[in-house]
Amino acid sequence: MTARIIDGKAIAADLRARVAAEVHRLGAAHGLVPGVAVVQVGHNPASEIYVRSKTRQVLEAGMRSFDHRLPETTAEAELLALIARLNADPAVHGILIQLPLPLQIETATVIAAVDPGKDVDGFHPLNVGRLAIGVPVMIPCTPLGCVMLAKTVHPTLEGLDAVVIGRSAIVGRPLVHLLIAESATVTIAHSKTRNLPALCRDKDLLFAAIGRPELVKAGWVKPGATVIDVGINRVTGADAKPRIVGDVDFAQARAVAGAITPVPGGVGPMTIACLLVNTLRAACKANGLPAPAL
Ligand code: NAP
């Protein structure tokens with residue numbers, strides 16, 4: 001069997017186009033332009049590329065982008081003061097704090113300072129708790145994108161057996177809650193899990209959010225399963241050139257799986273598209289408008 005490739009790039013482009021159409025409609029009907037503030041502290045090369053891409057896609061969707069670049073030496077109090085201003089600014093519907101932050105700043109304090117209604121990353125403890133009790137308001141972008149991709153293969157995830165490898169606060173844990181909400185039966189695995197290949201081998205859905213290049217091999221995948229690879233790992237190829245690979249050995253797994261996301265071009269593009277979705281929803285909610293149909 002050769003798996004169907006889940007084209008995250010095309011699916012994300014389609015979602016962005018639907019967001020842009022809704023933004024256009026909101027502007028025409030209500031004079032409302034959703035706005036997102038991106039706050040970056042210091043210079044992390046990976047963050048720079050990501051922020052540039054984010055800003056471009058926010059603008060392309062017809063939204064406003066407010067970029068704040070602060071020096072590496074910024075004190076926590078200065079960052080908190082900026083967040084307080086953004087919380088109070090009615091033109092800003094979404095606030096995104098680019099992580100990681102420099103060591104002098106306590107990340108948890110900063111995340112908790114963002115207005116939960118503008119927390120388009122879904123990292124605020126209130127939003128984390130809402131997701132955990134099954135009444136989500138702001139859903140973290142990467143797990144949301146993962147579920148959307150899985151649903152392009154399975155219109156419903158109800159009753160499917162899923163394994164999520166990785167228990168981070170930004171991917172694995174929220175993904176588990178989303179899958180429970182979809183009525184999948186979920187197993188979560190991590191670095192202390194015993195006999196991981198056998199645990200994965202009978203699952204209909206396999207989500208890998210590990211950060212280990214090509215760890216998941218063909219023998220981990222149930223024939224016909226759907227494999228969603230969140231990993232982004234920089235490795236040096238046999239030709240000594242750098243390249244990006246996922247957490248799944250794509251060449252091996254695609255021979256067994258029914259459907260699989262590539263890296264790059266799978267989950268990655270969905271993350272920013274879902275950020276646009278969250279910003280649009282936040283703007284509607286802040287203005288007493290119904291949630292947009294996307
Ligand atoms: P993380 O915080 O480092 O968490 C990694 C998780 O994988 C941990 O729960 C860890 O277990 C588990 N793990 C590590 N080695 C393992 C092993 N050998 N067997 C089983 N489990 C293992 O990473 P993350 O932030 O969730 O990110 C995961 C990957 O996704 C990274 O490659 C990252 O770059 C990528 N990512 C992509 C996007 C996107 O937009 N596509 C967004 C976010 C992250 P323990 O908890 O026991 O340590």
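Atoms within a ligand are numbered from 1 in the order they appear, just like the ligands themselves.
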J.: Do H68 and I95 have side chains that approach each other closer than 4.5 Å (heavy atoms only, starting at C-beta)?
T.: no

J.: Under 4.0 Å from a heavy atom of N233: give me the atoms of ligand 1 that qualify, with their elements.
T.: 32 (O)

J.: Using only atom types and a distance under 3.5 Å, with no angle test, would you say the side chain of N87 pairs donor to acceptor with the backbone of D115?
T.: yes

J.: Would you name the heavy atoms of P174 and A169 that are closest together and state the gap between them?
T.: CD-O, 3.2 Å

J.: Using the side chain to side chain donor-acceptor pair (under 3.5 Å) criterion, which residues pair with D121? Sequence neighbours excluded.
T.: none

J.: Just do the side-chain contact (heavy atoms from CB on, under 4.5 Å) check on L99 and I170 with the steps written out, would you?
T.: CA-CA 11 Å; L99 302 178; I170 62 167; 5.5 Å; no

J.: Is the shortest distance from a heavy atom of A189 to ligand 1 less than 4.0 Å?
T.: no

J.: Which atoms from ligand 1 have a heavy atom of L196 less than 4.0 Å away?
T.: 19 (N), 20 (C)

J.: Can you tell me which portion of M270 lies within the under-4.0 Å heavy-atom range of ligand 1? Options are side chain, backbone, both, or neither.
T.: neither

J.: Donor-acceptor check, side chain of N278 to backbone of I139, threshold 3.5 angstrom: yes or no?
T.: yes

J.: Side chain of H124, backbone of A112: donor and acceptor closer than 3.5 Å?
T.: yes

J.: Can you name the nearest heavy-atom pair linking P292 to E22, along with the distance?
T.: CB-CG, 3.5 Å

J.: Which ligand 1 atoms, with their elements, are less than 4.0 angstrom from a heavy-atom of L215?
T.: 17 (C), 18 (N), 19 (N)

J.: Under a heavy-atom criterion of less than 4.0 Å, does G172 contact ligand 1?
T.: no

J.: Record the part of I232 in heavy-atom contact with ligand 1 below 4.0 Å; permitted values are side chain, backbone, both and neither.
T.: both

J.: Any sub-3.5 Å donor-acceptor pair from R173's side-chain atoms to R167's backbone N or O?
T.: yes

J.: Report the nearest protein non-hydrogen atom to atom 20 (C) of ligand 1: residue, atom name, distance rounded to 0.1 Å.
T.: H190 O, 3.2 Å

J.: Backbone N or O of R85 within a donor-acceptor pair of the D89 side chain at under 3.5 Å?
T.: no

J.: At a 4.0 Å threshold, what atoms of ligand 1 neighbour a non-hydrogen atom of G211?
T.: 28 (C), 29 (C), 31 (C), 32 (O)

J.: With atoms numbered from 1 as shown, which atoms in ligand 1 lie under 4.0 angstrom from a non-hydrogen atom of V267?
T.: 41 (N)

J.: Could an N or O of ligand 1 be found under 3.5 Å from any N or O of T271, whether backbone or side chain?
T.: yes

J.: Any N/O of S191 closer than 3.5 Å to an N/O of ligand 1?
T.: yes

J.: If you have a sec, work out which protein heavy atom is nearest atom 15 (N) of ligand 1 and how many Å separate them, to one decimal?
T.: R212 NE, 3.4 Å

J.: Counting from 1, what ligand 1 atoms have a heavy atom of I170 closer than 4.0 Å?
T.: 25 (O)

J.: Show your working on side-chain contact (heavy atoms from CB on, under 4.5 Å) between V36 and K54 and close with a plain yes or no.
T.: CA-CA 10 Å; V36 59; K54 243 187 283 204; over 6 Å; no

J.: Write out the residue and atom name of the closest protein heavy atom to atom 9 (O) of ligand 1, then the distance separating them to 0.1 Å.
T.: R167 N, 2.8 Å

J.: For T142, which part has a heavy atom under 4.0 Å from ligand 1: side chain, backbone, both, or neither?
T.: side chain

J.: Does a donor on one side chain and an acceptor on the other come within less than 3.5 Å for H43 and E48?
T.: yes

J.: Check each of P143, A209, S168, G8 against atom 28 (C) of ligand 1 and report the one with the nearest heavy atom.
T.: A209

J.: Do any N or O atoms from the side chain of T279 and from the backbone of L275 form a donor-acceptor pair under 3.5 angstrom?
T.: yes

J.: Can you confirm whether something in the protein, heavy atoms only, sits under 4.0 Å from atom 26 (O) of ligand 1?
T.: yes

J.: Taking the non-hydrogen atoms of T193, is any one of them nearer than 4.0 angstrom to ligand 1?
T.: no

J.: What protein heavy atom is closest to atom 36 (N) of ligand 1, reported as residue, atom name and distance in Å?
T.: V230 O, 3.7 Å

J.: In the protein, which heavy atom is nearest to atom 5 (C) of ligand 1, and how far is it?
T.: I210 O, 3.3 Å

J.: Taking 4.0 angstrom as the limit and counting only heavy atoms of G166, give me the atoms of ligand 1 inside it, by number and element.
T.: 6 (C), 7 (O), 9 (O)

J.: Scan residues 194-222 for pairs that pass side chain to side chain donor-acceptor pair (under 3.5 Å), counting only residues two or more places apart or in two chains.
T.: D204-K222, K217-D249

J.: Among protein heavy atoms, which sits nearest to atom 44 (C) of ligand 1, and what does the distance come to when rounded to 0.1 Å?
T.: V171 CG2, 4.0 Å

